[in-house]
Amino acid sequence: MTQASEPQNSNTSENAGVARAAAGLKLYDTASHTVSRFTPIKPGQVGIYVCGATVQSSPHIGHIRAAVAFDVVRRWMLRLGYQVTFVRNVTDIDDKILDKAAAAGQQWWARAYFYEREFTQAYDTLGVLPPTYEPRATGHMIDMIDLIRRIIDNGHGYVVYDADGKPTGNVYFDVASWPHYGELTHQKQGAAEADEAAAVADRMGPSVDAAGDDKYNPIDPADASPDKHDPRDFALWKAPKPTDPQDARWSTPFGVGRPGWHIECSAMSHRYLDGMFDIHGGGLDLRFPHHENEMAQTRAAGYESAARWMHSAWVTAKGEKMSKSLGTGLSVPSVLAEHSAWVVRYALGSVQYRSMLEWSDQALVEAQAAYERIMNFIERAGVALGEQPECAEIAGVSADDLPADFVSAMNDDVNVSGATAAIFTAIRNGNTLLSKLDDRADGDAARAEVRSALVAVRAMLDALGLDPLAEPWAGAAGADGNGESREHDVLDALITEQLNARAEARKSRDFAKADAIRDALGAAGIAIEDGPQGSTWSLK
C-alpha cells in the first residue's frame, strides 16, 4: 500500500476552513436516484473510496475517464475547504491477471506490478492527484478473511464442504438471506426486472473487462459452481484452479484459496474509511454486480457502507462502449503519443461525470482549441501585468472567492460543462478588459481588474486540474506534456525577435517595414495583439 499526503486546512476546529459555498453542494446518489445536499459524516472532513484498476494490461481511455472524473470531485471538495481522505485500490490478484501471466510466461505478481506502474504513470501524466492511500488487494488478506468470518457468523454466507466434510475453499454470500439485496441498482428479489437505469447498464454490458455471460458474476468462474444455493449468490472466497500457482493461494479456516472479486473493496474501504465513508465512486460498469454485491456484504458483516454512491458514465467510441475490444488505438500511451496530456485531460473531463463521453478526433480538436484560447488570455494578461501570479496564490483561492456562475455549476452535481462555460465567460470579459487597457485613464485600477480576472480564470482552471501554469503542466514538459514547451520557447524567441524589430521600425516611423513584419507573421499563422506593455502573439 502506498500513501500520499493530502493538503490539509491549517485551522484546527472541525469545520474551520470550510467555505460558505460548501453548504450549496448537491450530488447525485445512485441508490436513491436523486440529487441531494451533501453533508459529510464528520464536519470538515470527507472520505472517498474509488475502485481502481485491475492491473492485467495497459490502461485505456475508458479506464482513465473515471479517474479524471473523481479527481475533479476531489479537487472541488478541497476547494470547498474540506480535508479529504481519498482511497483508490489496486486489484492485483484476479483470474485475468493469473491467466494472462501464465499465457505470457510471467510471474503473476510481476505482471500486476508492471501494469500498476503503467496506470500510475497515466494518472500522473494526466494530472490525477495521488490518493491518500492506495492499498493493494494482496496486502489485505487478513482483513478479507476476518470480514468473511463476520458474514458467515451473521448468517449471510456459507462454506462449501467436500464429501469428507472438509472445507473446499469456496465460500458464497447467501443473497436470499439479505432482504436488502438490490437496493443500490433497484433490482428486486426474485424474478422481477430491474428499473430502467439498471436495464440500460445491463444492455451496455456489465464491465469493460467482462469475460463471461453471467449477468450476476461476469468475470468470476467460481460463480458458475453447482454448489451455489442461488444463481445470484457470489463468491466471497474461492478454491484455486488447478492452474493457479502456489503463491496465489492463501490458507484460511474455510480452506485454501483466494478472494472473490468483490470482497477486497469491502475490506479496504472499512479499514481506511471506518466512520468517514462519505462517497463510494467508480465507473458505471461497476454498479452491478460489483457495487451491489459490495454494499450487501459490507452491511451483512455489520459495517456501514458508503453514505452515497457515485458513478461516472462510459467513454463511447462511435456509440459503442469503449473496451479493449476496440483495439490499441485507444490506449493511453497511444493517445498521448499524438495529443498533449493537458488536451487529453480536458477532453476526458469536458462533460459532467454522469454523461456519456463520445471520444473522437473532434473532441480532441475542440480541446486543443480550448487550450489555445486559454493560453492566449493567460499570456496576454501576464504581459500586460508584467508577471504571473504565483501558483500558491492560485491554489489558495477559496470557492467563496470564485465567480458565482462557476461555483453554482460545480455545486450542481459537479457540472463541469457549466463550469467550463463560466471559465470562457471570464476569459471573454478579461479579453475585453485587456483591449481597453490603453484607453483607461485609471491605469492602476485597470491593471488590478485584469489581475483579478487572470487570478479567477486560473483558479477556476486549477479547481478542474487544468491551470496550465501549475504542475504537472508547468516545468520541463510544459502544458503540452510531451516536451512541446521547448518548441514553444524556441518559437517564442524567434517571434519576439521579429516583434522587437517591428517595434523599432514603428519607433523610427518606418511603417512599411513594421507592416511587412506583421504581414509576414500573419501569413505564417501568427496573430499579433498590440497593447500598452508591448505586442503579444498567438497562433491563429
Side-chain angles (χ1 to χ4, degrees), residues 1-6 8 40-42 44-55 66-67 70 73-74 77 82-94 97 109 112-113 116 119-120 123 129-154 156-157 171 173 178 184 234-238 248 250-254 257-282 286 290-310:
M1 180 204 72
T2 58
Q3 176 180 351
S5 60
E6 182 71 65
Q8 301 290 344
I41 296 169
K42 289 187 177 180
Q45 301 181 55
V46 176
I48 303 174
Y49 183 97
V50 174
C51 285
T54 298
V55 285
F70 286 102
V73 172
R74 177 191 189 183
M77 292 290 187
Y82 287 115
Q83 296 182 18
V84 181
T85 300
F86 190 94
V87 183
R88 184 184 66 220
N89 74 299
V90 176
T91 298
D92 60 343
I93 179 73
D94 176 88
I97 295 171
W109 41 265
Y113 187 67
E116 179 185 335
F119 269 87
T120 299
Y123 297 143
L129 295 172
T132 314
Y133 304 107
E134 190 167 32
R136 299 185 183 97
T138 52
H140 294 78
M141 292 299 172
I142 293 175
D143 297 292
M144 291 185 233
I145 293 167
D146 287 345
L147 187 68
I148 293 169
R149 293 181 72 169
R150 288 180 64 96
I151 294 170
I152 294 171
D153 290 345
N154 290 342
H156 301 297
V171 184
F173 185 86
W178 187 249
L184 177 63
F234 54 89
L236 300 172
W237 195 261
K238 54 189 182 181
W250 286 262
S251 296
T252 76
F254 23 87
R258 53 190 173 86
W261 178 29
H262 317 291
I263 196 68
E264 61 179 274
C265 288
S266 289
M268 289 187 282
S269 61
H270 176 70
R271 169 174 278 275
Y272 296 102
L273 293 174
D274 182 25
M276 200 177 67
F277 198 178
D278 294 290
I279 294 171
H280 196 312
L286 298 178
H290 182 49
H291 287 165
E292 185 70 72
N293 293 353
E294 185 187 337
M295 172 192 271
Q297 67 195 10
T298 299
R299 294 171 63 190
Y303 297 138
E304 290 295 323
S305 186
R308 187 181 301 263
W309 294 75
M310 298 172 64

Exercise. Can you list the steps and then say if H290 with W261 is a side-chain contact (heavy atoms from CB on, under 4.5 Å)?
Worked result: CA-CA 8 Å; H290 182 49; W261 178 29; 3.7 Å; yes
For this session: Evaluate the ring planes of F234 and F173, with Trp represented by its six-membered ring, and classify them as parallel (under 30°), tilted (30 to 60°) or perpendicular (over 60°).
Result: parallel
Exercise. Are the side chain of D92 and the backbone of A112 linked by a donor-acceptor contact shorter than 3.5 Å?
Worked result: no
Exercise. Any idea which heavy atoms bring L147 and A301 closest together, and the distance?
Worked result: CD1-CB, 3.4 Å
Exercise. R74 side chain to L129 main-chain N or O, any donor-acceptor pair under 3.5 Å?
Worked result: yes
Exercise. Take atom OH in Y113; do more than 12 heavy atoms of anything else shown fall under 6.0 Å from it?
Worked result: no
Problem set entry | R150 atom CZ, over 12 foreign heavy atoms within 6.0 Å | yes
Seminar exercise, completed: When every non-hydrogen atom of M141 is compared with those of I93, the smallest separation belongs to CE-CG2, 4.1 Å
Exercise. Minimum heavy-atom separation for T298 to E304, with atom names?
Worked result: CG2-O, 3.7 Å
Exercise. What is the minimum heavy-atom distance between P40 and V46, and which atoms define it?
Worked result: CB-CG2, 4.3 Å
For this session: Verify, without hydrogens or angle tests, whether N89 (side chain) and P135 (backbone) share a donor-acceptor contact under 3.5 angstrom.
Result: no
For this session: Assign the ring pair Y303 / H270 to parallel, tilted or perpendicular, where the plane angle (0 to 90°) is split at 30° and 60°.
Result: parallel
Exercise. Quick one: are E264 and H140 in side-chain contact, heavy atoms under 4.5 Å?
Worked result: no
Problem set entry | Side-chain (S266) to main-chain (E294) donor-acceptor, under 3.5 angstrom | yes
Seminar exercise, completed: Between F86 and F70 the two heavy atoms that sit nearest each other are CE1-O, 3.9 Å
Exercise. Is there a side-chain contact between E134 and V90 (heavy atoms, below 4.5 Å)?
Worked result: yes
Problem set entry | Minimum heavy-atom distance A300-N154, with the two atoms named | O-ND2, 2.9 Å
Seminar exercise, completed: Residues at least two apart in sequence or cross-chain that pass side-chain contact (heavy atoms from CB on, under 4.5 Å) with I142, listed by chain then number, are D146
For this session: List the steps, then state whether side-chain contact (heavy atoms from CB on, under 4.5 Å) holds for H291 with C265.
Result: CA-CA 9 Å; H291 287 165; C265 288; over 6 Å; no
Exercise. Do Y49 and Y272 have side chains that get closer than 4.5 Å, going by heavy atoms?
Worked result: no
Exercise. Are I263 and I151 close enough that some pair of their side-chain heavy atoms sits under 4.5 Å apart?
Worked result: yes
Exercise. What class does the angle between the rings of H280 and W309 fall in, given that below 30° is parallel, 30 to 60° is tilted and above 60° is perpendicular?
Worked result: parallel
Problem set entry | Check: D278 side chain, G47 main-chain N or O, donor-acceptor pair, under 3.5 Å | yes
Exercise. What do the steps show when you test I97 against T54 for side-chain contact (heavy atoms from CB on, under 4.5 Å), and what is the final call?
Worked result: CA-CA 8 Å; I97 295 171; T54 298; 4.2 Å; yes
For this session: Take W178 and Q297 through the side-chain contact (heavy atoms from CB on, under 4.5 Å) test and state the conclusion after the steps.
Result: CA-CA 9 Å; W178 187 249; Q297 67 195 10; over 6 Å; no
For this session: Flag this pair as yes if the NZ/CZ of R88 is under 6.0 angstrom from the six-membered ring centre of Y123 and inside a 45 degree cone about the axis; otherwise no.
Result: yes
